[in-house]
Amino acid sequence: MDKTQTTFNAWQWAGSVLLVLGVAVVVFYVLRYSGVFTGFRATPEFAATIPGSPTLKELPKPVPMASYGEVRTEYERRKRLWQSEFDQVMRRQQELVALDYRSMDAQVLLSHSSQEDRANLAAVLGTATAEPSELIGSLRRAGSHSLATLVRGKPVSYEEVVKDVALKFGAKKPISTNSAAELEGLAIKAAMDKVIAEASPQQRDALVAEMAKAQSTSSTGLVAATGGLVLANLSGFGLYLAASTSLAAVTGAVGITLPFAAYTGLSSVLAAATGPLGWAALAVVAVYKLGGAAYKKTIPGVLVVASSRARLMAEREAEISKLTRQRTVLDLSAARLAILAKFVDEMQRTGTDHSVPRASVPW
C-alpha cells in the first residue's frame, strides 16, 4: 500500500510539473509575441497560431520624433533664407525708388538706357559715337536749326526741341509744361493722333488690340466715339507701345533703317500691319516737308528718347509690383517663422534633452 501510494504521489507531482511547464511555455510565447522581450518580431504564421491576437499590420508603428536641436537648426536655417531674400527685396525697392526716370534729365536717362537705344539714336542723328552727352548735344544742335526763328548764342535745350516736335505733330498751344517726360508724352500722343487718323481699318484694329493688351484693359475702353484711341491716360507699357508705333511710322515713312529692333513692344501681327510699307503713305511724312532736313533728326530722335524713357518707366513699375507681391509672400513666411520660433522657445523651457513627435512641430 505504501509503495502504491508513493507511486501515485510521484505521478501526481510529475503531472503538476508538466502542467506548470506547459503554462510557462504558452505565457513565454505570448510575451515574446507582444514585444516584451526586446528584439522579438513575431511572424504572421506565429501570430495566426494565437487566438485573438492582432496581425502584424495592426501593430502600432513607431512615432517619428524630432529633437530640440533638430527643430532649432531647421528654424535657424529658414530664418537665414528668409532674411536674405527680405534684404534683397528691400534693397532693390530702395534702388527703384531712387530711379525716378520721369524727372530724369535726358542725358542721364540715356546713361540708363540700353546700348541698342543709344545706337538707334546715333543712327538717327548720324553721330560717330553713342555717348549720352554727344547724343543729346547733337539732338539739341539739330533742334536749334529747326527753330530758325529763335536767335540764340547756344543750342536750345532738349525740352525746347521736344516742345517743337510736339507742336509739329499738332499738339495744342500753348504748352505750359517744361518737364521733359511730359513734353515727350505730348509728342507721342500727338504723333499717335496722326497715325490713327491716317491708318487703315486693319492697322487701326491692330493698334487698338495691341494697346488694350499693353494697358491691361479692354479694347472698348480705349476707343472713343470717333474711332480714335483715348490717349490721354496712356501709361506704362501702353505709352511705350505708342512711342514705338510712332517711331515705326516715322522711320518707315522716310526710309530710316535702325540697326537694332526699336519696336520690341509691337507684336508680329501689328508689325506686319504697320511695317515700313504700311506706313509709307501716311501723312506723317508731311511733317518733314514742312520743316526741312533738321526734322528728319529731331522727330525720330525725340521719339527714340521718349520710347526709351517710357520703357524704363514701365519696367520699373512692373518690377515694383513684382517686389510688392514678394513682400506679401515674405510677410506670410515671417508669420509662420514666428510660430516656429515660439515652439522652439517652449521646447527649450521644458528641456533640451527630450524629443517631440515630428507631426506636432509647426514646420
Which value, rounded to the nearest 0.5 Å, describes the distance between [X] atom [atom1] and [Y] atom [atom2]?
| X | Y | atom1 | atom2 | value |
| --- | --- | --- | --- | --- |
| Leu110 | Arg309 | CG | CZ | 8.5 Å |
| Leu337 | Leu332 | CG | CG | 11.5 Å |
| Glu315 | Lys322 | CD | NZ | 12.0 Å |
| Lys168 | Lys163 | NZ | NZ | 15.5 Å |
| Gln326 | Ser321 | CD | OG | 11.5 Å |

Over all atoms of both residues, closest heavy-atom pair of [X] and [Y]:
| X | Y | answer |
| --- | --- | --- |
| Met347 | Ala66 | CE-O, 4.3 Å |
| Ser144 | Val156 | OG-N, 2.8 Å |
| Ala190 | Ala171 | CB-N, 4.0 Å |
| Ser157 | Arg140 | CA-NE, 3.8 Å |
| Val250 | Phe169 | CG2-CZ, 4.1 Å |
| Ser308 | Asp117 | OG-OD2, 3.1 Å |

Backbone N/O of [Y] and side chain of [X]: donor-acceptor pair under 3.5 Å:
| X | Y | result |
| --- | --- | --- |
| Arg118 | Ser113 | yes |
| Thr352 | Gln348 | no |
| Thr73 | Glu70 | no |
| Asn120 | Glu116 | yes |
| Arg316 | Leu99 | yes |
| Ser138 | Glu134 | no |

Looking at Arg72, I'd like to know if its CZ atom is crowded, meaning that more than 12 non-hydrogen atoms belonging to other residues, nucleotides or ligands lie closer than 6.0 Å.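 Yes, the 6.0 Å shell around CZ holds more than 12 heavy atoms from other groups.
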Can you check whether [X] reaches [Y] side chain to side chain, under 4.5 Å on heavy atoms?
| X | Y | value |
| --- | --- | --- |
| Phe86 | Arg327 | yes |
| Val344 | Tyr68 | yes |
| Glu85 | Ser333 | no |
| Leu186 | Lys172 | no |
| Ser307 | Tyr240 | yes |
| Gln83 | Arg80 | no |
| Met104 | Asp100 | no |
| Leu340 | Val71 | yes |

Cluster check [X], [Y]: I/L/V/M/F/W/Y, side chain < 4.5 angstrom:
| X | Y | result |
| --- | --- | --- |
| Leu183 | Val108 | yes |
| Met90 | Ile320 | yes |
| Val329 | Leu323 | no |

Please determine whether a side-chain nitrogen of the Lys or Arg among Glu74 and Arg77 lies less than 4.0 Å from a carboxylate oxygen of the Asp or Glu.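 Here Glu74 pairs with Arg77 in a salt bridge, since their nearest N and O are under 4.0 Å apart.
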Does Arg92 come within less than 4.0 Å of Glu95, counting only side-chain N to carboxylate O?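 Yes, this pair counts.
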For Tyr101 and Glu317: C-alpha separation, side-chain torsions, deciding distance, then whether side-chain hydrogen bond (donor to acceptor under 3.5 Å, both in side chains) applies. CA-CA 11 Å; Tyr101 296 118; Glu317 292 170 5; over 6 Å; no
Among all residues two or more places apart in sequence or in another chain, which pass the ring-ring contact (aromatic ring centres under 6.0 Å, His included) test with Trp363?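 Expected list: none.
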Checking side-chain contact (heavy atoms from CB on, under 4.5 Å) for the pair Ser111/Gln107: CA distance, chi angles, key distance, verdict? CA-CA 7 Å; Ser111 68; Gln107 182 173 316; over 6 Å; no
